[in-house]
A.B. asks: 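Structure in C-alpha cells, see below.
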Amino acid sequence: NQSPGNGTSGGSPTSTVDSGASKPSARKMSSAEDDLTPEDANEEYQYLELNWPAVGSLVAGLATMASFPLAMLANPSTASVLMYALIPAVGLVTGVRGVLQIRRHPEQFTGIRMAWSGILLSIAWALGGWSYMGWVYATEVPEGYVRVQYTEITSPVKNVIAIPERAMELNGQLIFVKGYAYPVDQKTGIRQFLLCRDNGDCCFGGTPKLTHMIFVRLKEPETVDYSPRIHKLAGRFRLELGRGLNQFEVVYHLDEAECR
C-alpha cells in the first residue's frame, strides 16, 4: 500500500530544490572579489611607460624629413652638411637605445614602433639629403669654370688692400662663386650689384670687408631680382681698385656674369 501524501510510487521521498542553495556560492564570489589587493589589480591592469628615447628618435626623424626642402632651397654648405649629419645621428642613436630598452623591459616600456619609425626616417631622409647635396655640388659649376670659395680670396685685415695670392692667381679667369646680394633700392631688373660673403654683412647693415665683396656686372640682357637667398654666379674674375654701388670701395669684379 502507498502511504498517502508521499506523491511518488515505491515509497521514495520527494526531493525538493532549496532556492537558497546557490546563495553561499554567490557570497563566496563576492568575498573573493573583496579580497583582491591593489597589487593584484595592478597586475591585471598594468600601465606601460612611453619610452622617451623612442619619442626623441621619432622627433629627430621628422626634423630630418622637414629639413629636406630647406636643403633643396639653400646652399649645400658646411652648416647644412653638419645638420644632415647631427640630426639623423641623434635619431638613429636614440632609436636604437629605445628599441633595446623596450626589449629588455617589455613589462615597463612601450613605443617600439615609434622608435623604429624614427630610425627609418632618420636613415632615409639623411641619405636623401646627402645625395641631393652631393649631386648639386657635382653639377653646379659650368664646364671650364673654377669653383672659388670666399675664404680663398679674403684678406684677414678689414678695409686694407692686402690681396691674397690666390686672388691674384685667379685674375682674368672664369670662376664660379656663391654669395649674397647687398640690398639696394632697386628690387627688380638689377644688372649690377655687390655680392657679399655672407648675409650678416649685407642684411644687417654691416660694412663688408673689402675682400668680402665682388662687384657683379651681369651679361646682357640678363637681370636679377633682389632676394635674401644665396646667389650662384659664373663670370670672369678681375682685380681692380674702384668704386662699386653704395660708394663702397671694391677691388674684386665679376664681369659678363651669369646666374646659375
A.B. asks: For the pair H212 and Y150, name the ring-plane relationship: parallel under 30°, tilted 30 to 60°, perpendicular over 60°.
C.D. replies: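 Plane angle over 60°, so perpendicular.
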A.B. asks: Looking at R238 and D255, does any basic side-chain N land under 4.0 Å from a carboxylate oxygen?
C.D. replies: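 The answer is yes: the pair qualifies as a salt bridge.
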A.B. asks: Please say yes or no: joined through hydrophobic side-chain contacts below 4.5 Å, possibly via intermediate residues, are L58 and W116 part of one cluster?
C.D. replies: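 Both belong to a single hydrophobic cluster.
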A.B. asks: Within a 6.0 Å radius of atom CZ on R97, are there more than 12 heavy atoms belonging to other residues, nucleotides or ligands?
C.D. replies: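 Counting neighbours around CZ of R97, 12 or fewer heavy atoms of other residues, nucleotides or ligands fall under 6.0 Å, so no.
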A.B. asks: Has H253 got a side-chain atom pairing as donor or acceptor with E240's backbone, closer than 3.5 angstrom?
C.D. replies: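 Between the backbone of E240 and the side chain of H253 there is a qualifying donor-acceptor contact (under 3.5 Å).
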A.B. asks: Roughly how far, to the nearest 0.5 Å, is the CE atom of M213 from the OG1 atom of T154?
C.D. replies: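 T154 OG1 to M213 CE: 11.0 Å, rounded to 0.5 Å.
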A.B. asks: Can you find a pair of side-chain heavy atoms, one from K187 and one from D225, that are under 4.5 Å apart?
C.D. replies: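 Of all side-chain heavy-atom pairs linking D225 with K187, none is under 4.5 Å.
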A.B. asks: Taking C-beta and beyond as the side chain, do I112 and R103 meet within less than 4.5 Å on heavy atoms?
C.D. replies: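 When only atoms from C-beta onward are counted, R103 and I112 do touch, with a gap below 4.5 Å.
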A.B. asks: Using modelled atom types and a 3.5 Å cut-off, is there a donor and acceptor pairing between side-chain atoms of Q173 and backbone atoms of I175?
C.D. replies: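 Side chain of Q173 to backbone of I175, a donor-acceptor pair under 3.5 Å: no, none is there.
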A.B. asks: What heavy-atom pair brings T211 and I163 nearest, and what distance separates the two atoms?
C.D. replies: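 The answer is CG2-CD1, 4.3 Å.
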A.B. asks: Over all heavy atoms of both residues, which pair between S155 and A162 is shortest? Give the atoms and the distance, please.
C.D. replies: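 S155 and A162 have their closest heavy atoms at CB-O, 3.2 Å.
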A.B. asks: Just wondering, do V55 and M114 contact through their side chains at under 4.5 Å, heavy atoms?
C.D. replies: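 Yes, their side chains come closer than 4.5 Å.
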A.B. asks: With rounding to the nearest 0.5 Å, note down the distance linking CZ in F109 to CD1 in I102.
C.D. replies: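 It is 8.0 Å, given to the nearest 0.5 Å.
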A.B. asks: Are V136 and K232 side-chain neighbours, meaning at least one heavy-atom pair lies under 4.5 Å?
C.D. replies: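 The answer is yes, as the side chains (C-beta and beyond) meet within the 4.5 Å cut-off.
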A.B. asks: Should we count CZ of R166 as having more than 12 external heavy atoms under 6.0 Å?
C.D. replies: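 Yes, the 6.0 Å shell around CZ holds more than 12 heavy atoms from other groups.
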A.B. asks: Do W125 and W130 belong to the same hydrophobic cluster, where Ile, Leu, Val, Met, Phe, Trp and Tyr are linked whenever their side-chain heavy atoms lie under 4.5 Å apart, directly or via other members?
C.D. replies: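 Per the 4.5 Å side-chain linkage, W125 and W130 are co-clustered.
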A.B. asks: Report whether L62 and L127 are members of the same hydrophobic cluster (ILVMFWY, side-chain heavy atoms less than 4.5 Å apart, transitive linking).
C.D. replies: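 Per the 4.5 Å side-chain linkage, L62 and L127 are co-clustered.
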A.B. asks: A side-chain contact here means heavy atoms from C-beta on lying under 4.5 Å apart; do I119 and V96 qualify?
C.D. replies: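 With C-beta onward as the side chain, the pair touches.
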A.B. asks: Please give me the minimum heavy-atom distance between P53 and Q101, naming the atom from each residue.
C.D. replies: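 Taking every non-hydrogen atom into account, CG-OE1, 3.7 Å.
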A.B. asks: Membership question, hydrophobic clusters at under 4.5 Å side-chain separation (ILVMFWY): are L86 and L92 in the same one?
C.D. replies: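 Result: no, two separate clusters.
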A.B. asks: Within the structure provided, determine whether V146 and F176 are in side-chain contact (heavy-atom separation under 4.5 Å).
C.D. replies: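 A side-chain contact is absent here, since even the closest heavy-atom pair is not under 4.5 Å.
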A.B. asks: For the side chain of N51 and the backbone of T110, is there at least one donor-acceptor N/O pair under 3.5 Å apart?
C.D. replies: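 Not at all, since once roles are kept as given, no pair shorter than 3.5 Å links the two residues.
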A.B. asks: To the nearest 0.5 angstrom, please state how far the CD atom of E258 sits from the CG atom of L174.
C.D. replies: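 One finds 10.0 Å between CD of E258 and CG of L174.
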A.B. asks: Nearest 0.5 Å please: distance from the OH atom of Y226 over to the OG1 atom of T188.
C.D. replies: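 Answer rounded to 0.5 Å: 14.0 Å.
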A.B. asks: Is there a path of hydrophobic side-chain contacts, each under 4.5 Å between heavy atoms of I, L, V, M, F, W or Y residues, that connects V224 with V216?
C.D. replies: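 Per the 4.5 Å side-chain linkage, V224 and V216 are co-clustered.
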A.B. asks: Distance to the ring centre below 6.0 angstrom and angle to the axis at most 45 degrees; does that hold for R147 and Y137?
C.D. replies: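 Satisfied, under 6.0 Å and within 45°.
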A.B. asks: Using only atom types and a distance under 3.5 Å, with no angle test, would you say the side chain of T223 pairs donor to acceptor with the backbone of G189?
C.D. replies: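 Such a contact is absent between T223 side chain and G189 backbone.
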A.B. asks: Please determine which of V177, I153, T151 meets the side-chain contact (heavy atoms from CB on, under 4.5 Å) test together with R197.
C.D. replies: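 Of all the options given, the one that passes is T151.
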A.B. asks: Would you call K219 and E222 a salt bridge, taking side-chain N to carboxylate O under 4.0 Å as the test?
C.D. replies: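 Salt bridge between K219 and E222, a charged N being under 4.0 Å from a carboxylate O: no.
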A.B. asks: Rounded at 0.5 Å granularity, tell me how far CZ in F193 sits from CD in Q186.
C.D. replies: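 It comes to 11.5 Å.
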A.B. asks: Looking only at non-hydrogen atoms, find the nearest pair between S122 and G91 and report the distance.
C.D. replies: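 Heavy atoms of S122 and G91 come nearest at OG-CA, 3.4 Å.
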A.B. asks: So do the side chains of M168 and L239 get within less than 4.5 Å of each other, counting heavy atoms only?
C.D. replies: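 Sidechains of L239 and M168: in contact.
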A.B. asks: L218 and C259: which non-hydrogen atoms are nearest, and at how many Å?
C.D. replies: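 Shortest heavy-atom contact: CD2-SG, 4.1 Å.
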A.B. asks: Minimum heavy-atom separation for Y145 to A234, with atom names?
C.D. replies: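 Closest approach of Y145 to A234: CE2-CB, 3.7 Å.
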A.B. asks: Can you tell me if E165 has over 12 outside heavy atoms packed within less than 6.0 Å of its CD?
C.D. replies: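 At most 12 heavy atoms, drawn from other residues, nucleotides or ligands, come within 6.0 Å of this atom.
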A.B. asks: Decide if the gap between the ring center of F215 and the ring center of Y252 is smaller than 6.0 angstrom.
C.D. replies: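 They do not qualify: ring centres at least 6.0 Å apart.
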A.B. asks: Quick one, L195 and K178 - any side-chain contact, counting heavy atoms below 4.5 Å?
C.D. replies: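 Contact flag for L195/K178 side chains = no.
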A.B. asks: Could you check whether E140 pairs with R260 (Lys NZ or Arg NE/NH1/NH2 to Asp/Glu carboxylate O, under 4.0 Å)?
C.D. replies: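 Salt bridge between E140 and R260, a charged N being under 4.0 Å from a carboxylate O: no.
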A.B. asks: Rounded to the nearest 0.5 Å, what separation is found between the NZ atom of K209 and the SG atom of C196?
C.D. replies: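 K209 atom NZ to C196 atom SG measures 13.0 Å (nearest 0.5 Å).
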A.B. asks: Do the rings of W135 and Y132 sit parallel, tilted or perpendicular, given the 30° and 60° boundaries?
C.D. replies: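 Taking Y132 first and then W135, their aromatic rings sit tilted (interplane angle of 30° to 60°).
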